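Given the structure is predicted, the values throughout are model-derived calculations rather than measurements.
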Amino acid sequence: MDWRGFAQQMASLARDLLAQESVNDTLDRITGSATELVDGCDAAGILILRGRQVRSLAPTHQVVVESDALQERVGEGPCFDAARTSDGQRQYRIADFRDEAQRWPRYVPEARRLRLGSMMGFLLFTENEDLGALNLYSYRPGAFTEADETAGWLLASHAAVAFSSARTHAQLQEAIGTRHTIGEAMGILMGSHHLTEEQAFAALRKYSQDNNVKLRDLAARVCEAGGLP
């Protein structure tokens, strides 16, 4: 491993990740860079686990989606272990799927039918939150070395910060947009019904609660229709 060259690539990637325009663009760049920067990586994806439900984010190839769906179906697998973090394990490396049948007896036989040979996974985390797991696949047994595992860990560290930053930015933009829309809706009600600011907001909130409509969705409808539905 040319660590000096790898460091230069990682520095360039860090700037590139922060320049992405959306969360999805950031995630696509993360998984795409895994196949570019980590030797032996044929496919990559990010798995998010909520209870026993799986979401596959930014998969580079269909085999990633199939592996994630398989683990959800059988309720076990390396991605589950990494995403749960119940044992404190933040990364793993499977040298050869043929040697892991006892560990994941339902997942491994099906994974081998997907032609998977070896795999690595890294928990994406910051100081405040766990974001999911970055998973790297190879069709060849023994594809990943200790150096590759270190490279993957460095990539995952950069990826977690970029993912968290992109998501926070998106949430902030949504909050600003929502606040503007609610303010506009309140202005419409104040003008058409001669309400105070407090009364207009109370009317929106009551309608939202009585009709089980999210406040931001209701505000958008008021702006479109010129009044409450």
Side-chain angles (χ1 to χ4, degrees), residues 13-33 44-60 64-65 68-69 71-72 79-80 82-86 90 122-135 156-229:
L13 174 63
R15 292 188 291 270
D16 190 25
L17 288 174
L18 291 178
Q20 300 302 310
E21 295 184 355
S22 69
V23 174
N24 287 338
D25 289 343
T26 300
L27 298 182
D28 286 339
R29 189 67 189 93
I30 289 169
T31 55
S33 65
I46 294 171
L47 178 143
I48 299 230
L49 183 63
R50 295 291 181 266
R52 297 181 68 84
Q53 291 187 322
V54 164
R55 287 185 61 198
S56 297
L57 304 182
T60 61
V64 177
V65 178
D68 290 348
Q71 291 179 83
E72 180 179 42
C79 300
F80 267 40
R84 282 192 182 114
T85 69
S86 58
R90 296 189 181 274
F122 308 89
L123 179 67
L124 299 175
F125 67 96
T126 63
E127 184 177 353
N128 299 317
E129 58 184 340
D130 292 338
L131 302 165
L134 172 63
N135 301 297
S157 299
H158 280 72
V161 174
F163 185 5
S164 179
S165 176
R167 193 170 66 172
T168 298
H169 179 72
Q171 290 170 341
L172 179 60
Q173 290 296 106
E174 181 181 1
I176 291 173
T178 297
R179 181 177 179 180
H180 175 78
T181 303
I182 291 174
E184 187 176 347
M186 288 171 57
I188 291 172
L189 295 183
M190 290 167 65
S192 60
H193 297 286
H194 306 290
L195 303 177
T196 65
E197 183 175 327
E198 291 78 10
Q199 289 172 332
F201 182 75
L204 286 172
R205 184 173 59 183
K206 185 176 189 306
Y207 189 98
S208 171
Q209 294 172 344
D210 291 347
N211 295 274
N212 195 28
V213 179
K214 290 183 178 179
L215 189 59
R216 65 172 182 268
D217 295 337
L218 173 60
R221 289 163 62 180
V222 170
C223 292
E224 292 174 1
L228 285 169

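Interatomic distance, D16 CG to S33 OG, rounded to the nearest 0.5 Å: 8.5 Å. Here L189 contributes atom CG and L195 contributes atom CG; the two are 6.5 Å apart, rounded to the nearest 0.5 Å. With rounding to the nearest 0.5 angstrom, the OG atom of S192 is 8.0 Å from the CG atom of L228. The NE2 atom of H158 lies 13.5 Å from the CG atom of L134; values are rounded to the nearest 0.5 Å. Atoms CE and CD, on M186 and E198 in that order, are 7.5 Å from each other to the nearest 0.5 Å.
Of the possible donor and acceptor atoms, none in the side chain of T26 sits under 3.5 Å from a partner among the backbone N and O of A166. T60 places a side-chain N or O within 3.5 Å of a backbone atom of A44 that can act as its donor or acceptor partner.
Scanning both residues, L18 and S165, for their nearest heavy atoms gives CD2-OG, 4.3 Å. The two residues F125 and A160 have their closest heavy-atom pair at O-CB, 3.4 Å. Nearest heavy-atom pair across G132 and L123 is O-CD1, 3.2 Å.
Tested against I30, the residues I46, L124, L13, D25 include a single side-chain contact (heavy atoms from CB on, under 4.5 Å) partner, I46.
With a 4.5 Å cut-off on side-chain heavy atoms, L131 and R167 count as touching. Residues Q71 and V54 have side chains not in contact (no heavy-atom distance under 4.5 Å, counting atoms from C-beta outward). I48 places a side-chain heavy atom less than 4.5 Å from the side chain of L57.
Within a 6.0 Å sphere centred on CD of Q199, heavy atoms belonging to other residues, nucleotides or ligands number more than 12.
Remark: S164 pairs with E129 by the side-chain hydrogen bond (donor to acceptor under 3.5 Å, both in side chains) rule, at least two apart or across chains.
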Using distance only, find each side-chain donor-acceptor pair of residues 210-227 under 3.5 Å and give its atom names and separation, not counting sequence neighbours.
| from | atom 1 | to | atom 2 | distance (Å) |
| --- | --- | --- | --- | --- |
| D210 | OD2 | K206 | NZ | 2.7 |
| N211 | ND2 | Y207 | O | 3.0 |

